[in-house]
2 protein chains.
Amino acid sequence: MQALLWQRAQAPFAGAFALPGGYLLGGETLEDSIRRHLAEKVDVRELSHIEQLVTTSDPSRHPSEWQVATAYLGLVPSDLDPELPIDTYWYPIDELPETAFNHGTIVLAGRERLRAKLSYANIGFALAPHSFSISQLRDLYAVALGHEVSATNLQRVLLRRELLEATGERRAPGPSGGRPAALFRFRSRALEITDQFAVLRPPG
Amino acid sequence: MQALLWQRAQAPFAGAFALPGGYLLGGETLEDSIRRHLAEKVDVRELSHIEQLVTTSDPSRHPSEWQVATAYLGLVPSDLDPELPIDTYWYPIDELPETAFNHGTIVLAGRERLRAKLSYANIGFALAPHSFSISQLRDLYAVALGHEVSATNLQRVLLRRELLEATGERRAPGPSGGRPAALFRFRSRALEITDQFAVLRPPG
DNA sequence: TAGGTTTTCTACTTACAGTCGATAACTTAG
DNA sequence: CTAAGTTATCGACTGTAAGTAGAAAACCTA
């Protein structure tokens, strides 16, 4: 799991890494502003989901100014690999570099939000390609949740909730053979809350 | 379920009802600001829980100014009945009056947040008195969730999660008799997320 | 055709939510 | 004092979904 960070050239926090973002323009919506600043870093059309995360007002977050900042959680499909400008990188969030402001905390808050929503919403659509095998999806969930996930159980849980549907196609087997995997897609690509709640516990 | 509203005397939205709140002072934390404005309306020491709800930036929320506003959800125990200043009332949220800004939407968002947290957190501590019978708690949950709840099931679910503990005391029976109810309390009065998720479905 | 690999299916087990009726512990009325 | 009414509590049963494991399917290469 990776976060998009860029290295600040100027004070404050020169040299530290920061999430994309910036000041709000008058009359602008927060989400519009986020998309505008993000567009300077990456092709934002592929943003599969975005939601408000938290608004921080702690006076200590900025060394000289007093700021109020609203963080958003944005997700892109795992098969996306857009070109990035210089000084901008995808960082594995388990090994974050020194971050500016409170951005390290915000990244962790985003991960927690994602983990929770995997249990009670169809948020997986934002991480997965348009069509995928259950094994691919299992691996995505395992990375996002931080523990192993049973493919059998994952498939049953998501099918029972009618979040997944089979495309009818199969993926060509890999070089070492194996049964070709049936492909699935999410029925909806907009966030929907489930009335069930699968913890998808780690095995063992 | 009721929301604390006061009637605005001045434009914009003169005569309409609004949630307590106001402008942020420089260097002030959002939560500090909320508590400061709230203290003008009601004794705020009894606020058993407060959490950030949503930050709105829609330019249409205010007729003349462009504003960014952060809403908080605050809860008080059900047995609390503080004195209120003139023009300030508890309103049943099913029959809200005409509200200023987007405050009607915010109240509904707060209710949804509360309903969700009742299923996967110990948020009930913020609504219940310090000690209570299971029947009392059942009635609280029923009001908050909007449907009947089984006392037997509620007790078992909350005990299994170790959110409740018996005080050992019993409540005096009512005027019409009946077995005196054993009293319980929440083990913790700080928000804790459960790793289970009980939907507490309506019976039938 | 045999052996290896990956996916998929199916049956079994476990755990908890939801239901229902019996029992306990009080009241008041006669 | 006893019976009837009321409220709370307990315990057993049921249904459903999650978690597990092993067998079968469908491909590959040698």
Side-chain angles (χ1 to χ4, degrees), chain A residues 118-121 124 128 131-142 145 147-185 194-204, chain B residues 115-116 118-121 124 128 131-142 145 147-185 194-204:
Chain A
L118 283 171
S119 297
Y120 65 85
S131 91
F132 47 85
S133 71
I134 294 296
S135 303
Q136 273 181 286
L137 194 64
R138 185 232 313 133
D139 293 343
L140 272 178
Y141 269 70
L145 292 173
H147 58 74
E148 294 301 304
V149 173
S150 149
T152 301
N153 205 20
L154 179 66
Q155 175 173 17
R156 190 184 33 195
V157 164
L158 296 184
L159 280 177
R160 168 139 42 194
R161 296 179 188 177
E162 300 183 331
L163 298 184
L164 290 188
E165 64 185 357
T167 67
E169 298 172 1
R170 336 185 112 234
R171 195 185 50 188
S176 57
R179 176 170 172 168
L183 294 181
F184 292 82
R185 62 172 157 252
T194 318
D195 65 342
Q196 289 293 328
F197 182 94
V199 181
L200 293 170
R201 284 196 183 66
Chain B
R115 285 184 178 172
L118 284 171
S119 296
Y120 66 83
S131 92
F132 47 84
S133 70
I134 295 296
S135 304
Q136 274 181 287
L137 194 63
R138 185 231 311 135
D139 293 344
L140 273 179
Y141 269 69
L145 292 172
H147 59 73
E148 293 300 303
V149 173
S150 148
T152 300
N153 203 24
L154 179 66
Q155 175 174 17
R156 189 182 37 197
V157 165
L158 295 184
L159 280 177
R160 167 138 44 193
R161 296 181 187 174
E162 300 182 333
L163 298 184
L164 290 188
E165 62 186 1
T167 66
E169 297 172 1
R170 339 186 111 232
R171 197 186 48 188
S176 57
R179 178 173 172 168
L183 294 182
F184 292 82
R185 62 173 157 251
T194 317
D195 66 341
Q196 289 293 328
F197 183 94
V199 180
L200 294 171
R201 284 195 185 67

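Since we're looking at a predicted model, the values are computed, not measured. Values below: all heavy atoms of this structure, side chains included; hydrogens, waters and symmetry mates excluded. Proteins get letters first, then strands, A, B, ... in listed order; numbering begins at 1 in each.
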Quickly work out the [X] [atom1] to [N] [atom2] distance and round it to whole Å.
X	N	atom1	atom2	result
A:L154	C:dT7	CG	P	13 Å
B:F132	D:dT9	CZ	P	12 Å
B:R161	C:dA15	CZ	P	16 Å
B:N153	D:dT14	CG	C1'	13 Å
A:E169	C:dT8	CD	P	14 Å
A:E162	D:dA17	CD	C1'	15 Å
A:L118	D:dA18	CG	P	15 Å
A:L159	C:dT8	CG	P	11 Å

Judged by nearest nucleotide, the residue sitting upstream toward the 5' end of DNA chain C, B:P180 or A:I134, is A:I134

Residue-phosphate contact under 4.0 Å: [X] side-chain N/O, [N] OP1/OP2:
X	N	answer
B:S135	D:dA8	yes
B:R138	D:dT7	no
B:S176	D:dT7	yes

Does any part of the side chain of [Y], heavy atoms only, come nearer than 4.5 Å to the side chain of [X], both counted from C-beta?
X	Y	result
B:L159	B:R156	no
A:L154	A:Y141	yes
B:L164	B:F132	yes

Closest approach to the side chain of [X], judged atom by atom: which nucleotide of [options] is it?
X	options	answer
A:R170	D:dA26, D:dA18, C:dC26	D:dA26
B:R179	C:dA17, D:dC27, D:dT7	D:dT7
B:R160	C:dC9, D:dA8, C:dA17	C:dA17
A:Q155	C:dC9, D:dG19, D:dA26	C:dC9
B:T152	C:dC26, C:dT19, C:dT7	C:dT19
A:R156	D:dC27, C:dT6, D:dG19	D:dG19
A:R171	C:dT7, C:dT5, C:dA17	C:dT7

### Query
When we call it a touch if two heavy atoms are under 4.0 Å apart, what does B:A151 touch: a base, just sugar-phosphate, or nothing?
nothing

_With a 3.5 Å distance limit and no angle check, can you tell me whether A:T194 reaches the backbone of A:Y120 through a side-chain donor-acceptor pair?_
yes

Query - From CA spacing to verdict: side-chain contact (heavy atoms from CB on, under 4.5 Å), B:V149, B:H147 - result: CA-CA 6 Å; B:V149 173; B:H147 59 73; 4.2 Å; yes

